[in-house]
Amino acid sequence: QVQLVETGGGWVQAGGSLRLSCAASGGSFGRYVMGWFRQAPGKEREFVAAIASSGGWTYYSDSVKVRFTISRDNAKNTVYLQMNSLKPEDTAVYYCAARSGIYQRARVEDYDYWGQGTQVTVSS
């Protein structure tokens with residue numbers, strides 16, 4: 001069983017930056033593909049980015065490609081999401097998720113473990 005805790009959310013003006021962190025415990029972090037998802041009010045949870053267990057590949061949604069960067073430090077059991085050039089439409093609760101396996105996956109149902117989420121608010 002893996003426990004995930006996100007931190008780093010907050011309020012920022014459009015064009016600004018934030019870095020989210022997700023600390024994992026209770027499992028073999030280096031075995032999991034890690035992903036970030038987000039959910040805005042009244043909308044379904046959507047995929048943002050994912051990274052291979054070794055960090056060998058990364059995968060992004062079209063809406064955040066170029067602006068966001070996912071990375072991980074397996075020695076610290078932590079995955080990060082660097083968010084630059086933030087837009088009001090990036091406002092959402094951001095969730096960290098983990099899945100076993102080696103393939104790129106972007107569906108909510110493909111992930112086994114979830115954090116509680118952290119709020120990101122971008123003002124115009």
Side-chain angles (χ1 to χ4, degrees):
Q1 189 78 8
V2 177
Q3 291 81 46
L4 303 172
V5 178
E6 303 97 334
T7 56
W11 178 91
V12 65
Q13 287 189 321
S17 298
L18 282 174
R19 188 176 84 152
L20 305 183
S21 299
C22 172
S25 61
S28 300
F29 179 75
R31 295 174 54 190
Y32 292 99
V33 169
M34 299 299 298
W36 286 97
F37 289 73
R38 66 187 181 185
Q39 188 166 17
K43 295 188 176 181
E44 293 187 351
R45 193 169 298 188
E46 66 173 4
F47 172 78
V48 174
I51 186 167
S53 58
S54 64
W57 54 254
T58 57
Y59 177 46
Y60 298 92
S61 69
D62 288 343
S63 62
V64 306
K65 200 176 297 184
V66 176
R67 299 187 298 122
F68 291 10
T69 302
I70 188 171
S71 61
R72 65 190 297 161
D73 185 340
N74 285 354
K76 295 183 178 179
N77 289 353
T78 302
V79 62
Y80 305 96
L81 186 68
Q82 177 67 43
M83 306 185 295
N84 298 328
S85 302
L86 282 160
K87 305 175 181 180
E89 52 264 44
D90 294 317
T91 295
V93 176
Y94 282 71
Y95 297 90
C96 171
R99 67 177 301 272
S100 300
I102 61 173
Y103 299 110
Q104 297 177 356
R105 292 290 184 267
R107 301 184 309 169
V108 169
E109 54 266 39
D110 289 324
Y111 287 76
D112 304 306
Y113 304 103
W114 293 84
Q116 83 290 347
T118 186
Q119 176 71 47
V120 171
T121 303
V122 184
S123 66
S124 58

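You'll find the side chain of T118 stays beyond 4.5 Å of the side chain of T7, heavy atoms only. Between F37 and V93, every side-chain heavy-atom pair lies at or beyond the 4.5 Å cut-off. Using a 4.5 Å heavy-atom cutoff, the side chains of F47 and R105 are not in contact. The closest side-chain heavy-atom distance from Q119 to T91 is below 4.5 Å. Residues M34 and L4 form a side-chain contact, since some pair of their non-hydrogen atoms from C-beta on lies under 4.5 Å apart. Within the 4.5 Å cutoff, the side chain of R38 has heavy atoms near those of the V64 side chain.
Among residues at least two apart or in separate chains, side chain to side chain donor-acceptor pair (under 3.5 Å) pairs with a member in residues 48-61 are S61-S63. Counting only residues at least two apart or on different chains, no ring-ring contact (aromatic ring centres under 6.0 Å, His included) pair has a member in residues 88-110.
Between the side chain of D112 and the backbone N or O of S100, at least one donor-acceptor pair lies under 3.5 Å. At least one donor-acceptor pair under 3.5 Å links the side chain of R72 to the backbone N or O of F29. A distance-only check finds no donor-acceptor pair linking the side chain of Y111 to the backbone of C96 [under 3.5 Å].
Partner of M83 under the side-chain contact (heavy atoms from CB on, under 4.5 Å) criterion, out of V48, T69, V122, L18: L18 alone.
Between A92 and A40, the shortest heavy-atom distance links the atoms CB-N, 3.8 Å. Taking all atoms of both residues into account, the shortest heavy-atom contact from E6 to W36 is CG-CZ3, 3.9 Å. In this structure, Q39 and K43 approach most closely via the heavy-atom pair NE2-O, 3.1 Å. The minimum heavy-atom distance between A49 and L81, with the atom names listed, is CB-CD1, 4.3 Å. When all heavy atoms are compared, the tightest approach of G9 to V120 is CA-CG2, 4.2 Å. Between S17 and S85 the shortest heavy-atom distance is OG-N, 4.4 Å.
In the hydrophobic clustering of this structure, I51 groups with F68; members are Ile, Leu, Val, Met, Phe, Trp, Tyr whose side-chain heavy atoms approach within less than 4.5 Å, directly or through other members. A continuous path of Ile, Leu, Val, Met, Phe, Trp and Tyr side chains, each step under 4.5 Å between heavy atoms, connects L20 with Y113, placing both in one hydrophobic cluster.
Other residues, nucleotides and ligands place more than 12 heavy atoms under 6.0 Å from the CD atom of E109.
Using a cut-off of 4.0 Å between Lys/Arg side-chain N and Asp/Glu carboxylate O, K87 and D90 are scored as not salt-bridged.
Note: L86 CG to T121 OG1 = 10.5 Å, rounded to the nearest 0.5 Å.
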